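Being a predicted model, the structure only gives us computed values, none of them experimental. Order of the sequence lines sets the chain letters (A, B, ...), proteins ahead of strands, with each chain counted from 1.
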Amino acid sequence: MAGVWVTCLVARTAVWQSPEPAPTLASSGVYTAEQAARGKDAYALYCSSCHNLGSQSGEPFAKKWNGVRVSELMFVLTDAMPKDDPGLLTPTERVDVIAYLLKLNDLAAGEKPLPEDPALLKNIVIDLVK
Amino acid sequence: MRRRLLFSAVVLGTFAFGAFTLSARQTSTLVRGNAPGEWRYWGADAWSTRYSPLDQINASNFDQLQVAWQWNAGAFGEDEYFRSTPLFANGRLFTVATTRREAIAIDPGNGQTLWMWRLDEGIRWQKAPRQYSGRGLAYWNDGRNSERIVVITPGYHLASLDAKTGRPDPKFGKDGVVDLMEGLGMPLVPLAVDDTGSLIISDNAPYRKAKPGETWDPVTQTGADGTIGIDPELGQIANSSPAIIVNDVIIVGNSSIHGYYPTRLKNIPGFIRGFDIHTGQQLWKFNLIPQAGEFGADTWANGTKLGTPGVGKNDAWAPYSADPELGLVYIPVGMPLMDEYGGHRPGNNLFGTSLVAIDVKTGKRKWHFQMVHHDIWDYDNPMAPNLMDVMVDGKLRKVVAQTTKQGWVYAFDRATGEPIWPMPETPVLQTDVKGEHTSPTQPIPSRPAPYSQQGLVEADLIDYTPAIKAAALAAAKQCRMGPYFIPGSANDGPAGTLKCSWYSPGASGGVNIDSGAAVDPERGFLYVGSQTGMSSITLAKDPCSEFDYSSSHDSCGLLGALPPPPGYVAPETGRGGRGGGRGGGGGRLGNSRIGGVSIVKPKELGGVTAYDMNTGDKAWWTPNGGFNEVTSTDPLFAGVTLPKEGAGGQPQVINTKSLVIYGTGRSGGPRGDAPQLFATDKATGKQVGAVKIPGKTSAVPMTFMYRGKQYIVFATGAGANTSLVALTLPDNKK
């Protein structure tokens with residue numbers, strides 16, 4: 001189902017009007033293929049028993065995360081997940097899982113790795129495209 | 001109706017080992033259904049002791065263990081996390097693997113594949129609620145020369161395979177396969193799909209009934225592919241644990257969809273059935289949601305007819321145990337439909353969250369005990385119960401002990417169901433959520449003591465300084481507190497009421513899918529691997545679900561969910577917008593940590609707890625592989641030395657003649673430590689060995705003797721990187 005979701009960022013314009021530097025769009029290639037590959041396994045290990053892929057791709061994912069800063073996704077993975085042991089994943093595992101989720105939602109890999117620093121992730125916005 | 005059941009048996013090698021002829025020893029000296037040195041049941045034997053009398057690997061040499069071989073399950077396909085506990089019988093190792101749940105035989109000496117078998121289940125696999133390898137298989141032999149491996153597939157078929165070759169038994173079912181969707185009294189219809197994805201949590205995007213004349217479109221991969229199944233209007237059915245074979249009867253249950261975030265008020269109930277090992281004929285069916293006229297039906301105030309709103313599940317998804325001599329199988333039953341809200345199913349909801357003893361010959365209930373009345377905590381019985389014979393107050397007692405998510409061991413006389421120690425019905429907190437009707441009492445075991453944190457009361461809170469105590473109390477009081485069985489709170493409760501409740505143990509236990517207990521049949525000890533912890537819950541209305549409440553979730557937009565109601569506004573995303581629910585986010589209600597420090601004092605809970613079941617006393621405790629340092633940059637903790645806390649995760653425990661052996665589980669153990677397998681002294685709990693392993697155990701290990709060498713085998717990994725790892729001693733260390 002990934003790839004058929006048409007996105008609209010209008011509702012999220014507040015993100016763009018921040019005084020911070022212009023955000024980097026996740027569609028510009030903000031993670032590496034290696035991160036996504038590792039993230040696939042980490043997702044299967046830690047996440048998939050509660051969150052199958054159908055719930056994290058296409059419309060369900062877009063509904064939650066389109067137009068949102070990657071730092072927010074990082075925050076959930078840091079502070080709330082897994083629900084029985086929040087904070088379990090290492091920072092590397094967290095960004096790997098994020099990379100995998102971006103790939104799963106048709107945002108292509110690039111040359112630079114997704115950083116682990118939440119301050120840097122704050123400047124990356126998930127912009128799902130058709 | 002047309003049936004499309006393609007199967008492929010790939011015989012990669014059939015070896016004429018002399019050891020493969022069943023010996024008199026293996027049939028005449030069975031102990032609890034297992035041959036000494038083998039591992040014929042998921043839990044080692046029919047009693048699920050997870051015990052082996054082997055002692056070649058012991059405290060003096062455990063640290064010398066080496067990887068003998070590593071079998072690459074990922075080569076056969078991807079999986080979720082690898083949950084298999086293999087069987088060892090008559091010189092072969094048997095496992096499941098991949099999302100297709102292939103059945104595979106392996107040479108135990110070198111890890112080479114002997115044969116593999118899988119079934120092409122079409123869209124019944126595509127939309128299977130439990131699309132992963134499952135936990136394992138069942139083994140049977142006739143005491144002469146016939147051996148069978150029995151597997152239940154993700155698409156809910158039962159297959160009986162020749163253990164030597166992997167070929168389906170032509171005398172069993174149809175070409176070796178029984179369609180488990182038949183025989184349940186529900187109509188089967190041709191199936192079709194409109195998308196290429198899997199089922200979305202929990203019941204969204206299922207398959208549908210095919211239209212007349214509808215065919216398969218190979219380009220879009222949609223349409224009707226010829227498979228048949230239970231009318232999807234009734235719900236989904238699945239399986240994730242192996243059958244157990246008792247006195248030539250295959251005992252088969254089912255699992256269901258996840259119980260969190262369902263959108264439909266009805267689903268298929270749970271069943272237990274017996275099948276003839278020789279023919280595959282269904283012998284009997286036991287309804288885990290009793291139907292009109294059956295015992296327990298009156299515990300459902302709105303009735304139990306299929307399709308009744310609120311009726312569904314009560315699925316026994318964990319492995320089972322049995323006493324072949326008594327002819328009883330012990331079924332740990334899960335909870336009814338919808339994990340956190342039961343307003344649509346008033347009553348105690350038998351046999352939800354119960355242990356049910358069933359006569360394997362007749363399928364009749366011998367006895368039952370309901371651990372949680374009207375469960376709204378997701379306290380499914382998650383693990384095979386453990387059988388043991390112990391001396392209690394000078395009398396030999398035949399015991400079945402059920403470990404649970406809620407942190408208690410419930411021990412019964414396994415012939416009668418009488419509690420070994422009193423479990424008085426005790427008044428508990430009552431709900432204030434609209435439409436909910438909680439049970440006024442719950443049975444509370446007087447012993448053994450619990451192995452996981454129970455509820456949250458003021459005495460549980462950290463109090464290292466007055467300021468810390470005050471901060472912890474303030475955080476705790478954000479949500480409803482209590483000693484146990486705290487009902488969930490709703491986000492729309494009356495002014496002045498709390499909007500969340502502490503959930504402890506949470507839905508993950510306690511004991512859960514990955515952990516459970518082992519029994520020392522010689523000492524009468526029970527070794528429980530568990531986790532301890534706490535989360536919180538806020539109930540809310542999912543605008544696109546038929547349920548009045550669930551844990552916070554928005555299903556709108558999901559395939560198969562209800563359309564958004566008029567005036568629907570999508571919730572804000574990200575931090576602060578996702579509060580509550582099952583865990584919520586930081587800064588939210590129900591945050592049990594301050595500056596990264598739990599508001600609950602560290603206790604000797606979780607990890608591995610040993611009980612002397614002769615007395616019900618706790619014998620020893622050890623954390624799951626060690627402790628985690630606790631530090632914080634929050635000024636609140638400045639100058640305070642914070643005590644360590646036991647590492648998290650679910651220890652995966654087995655025991656041998658002298659050792660309790662455990663892996664930390666896929667997410668357990670001290671943070672940052674390399675994956676290890678641990679050994680502790682059975683009597684004291686003192687760690688006597690630890691060995692680094694290629695990856696954390698992702699399922700309960702097993703052990704066996706093969707050609708003079710003891711092996712320990714465990715599953716590890718997830719996705720495409722799954723494997724079985726075999727450890728053994730160097731030749732000069734035996």
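- Heavy-atom distances place the side chain of B:Arg83, and not its backbone, under 4.5 Å from chain A.
- Shortest non-hydrogen contact noted between B:Glu80 and A:Ser48 is CG-OG, 2.7 Å.
- Atom CG of B:Leu558 and atom NZ of A:Lys63 lie 6.0 Å apart (nearest 0.5 Å).
- Taking NE2 from A:His51 and CD1 from B:Ile200, the interatomic distance works out to 14.0 Å, rounded to the nearest 0.5 Å.
- Residues of residues 33-45 of chain A having a heavy atom under 4.5 Å from any heavy atom of chain B, listed by number: A:Lys40, A:Asp41, A:Ala44, A:Leu45.
- Proximity to chain A is limited to the backbone of B:Asp79, based on heavy atoms less than 4.5 angstrom apart.
- Between A:Cys50 and B:Tyr260 the shortest heavy-atom distance is CA-OH, 3.0 Å.
- For the set B:Gly719, B:Gly557, B:Gly717, the count of heavy-atom pairs under 4.5 angstrom toward chain A peaks at B:Gly557.
- Neither the backbone nor the side chain of B:Gln131 has a heavy atom closer than 4.5 Å to any heavy atom of chain A.
- When each of B:Cys556, B:Ser698, B:Pro505 is checked for heavy-atom pairs under 4.5 Å with chain A, B:Cys556 comes out on top.
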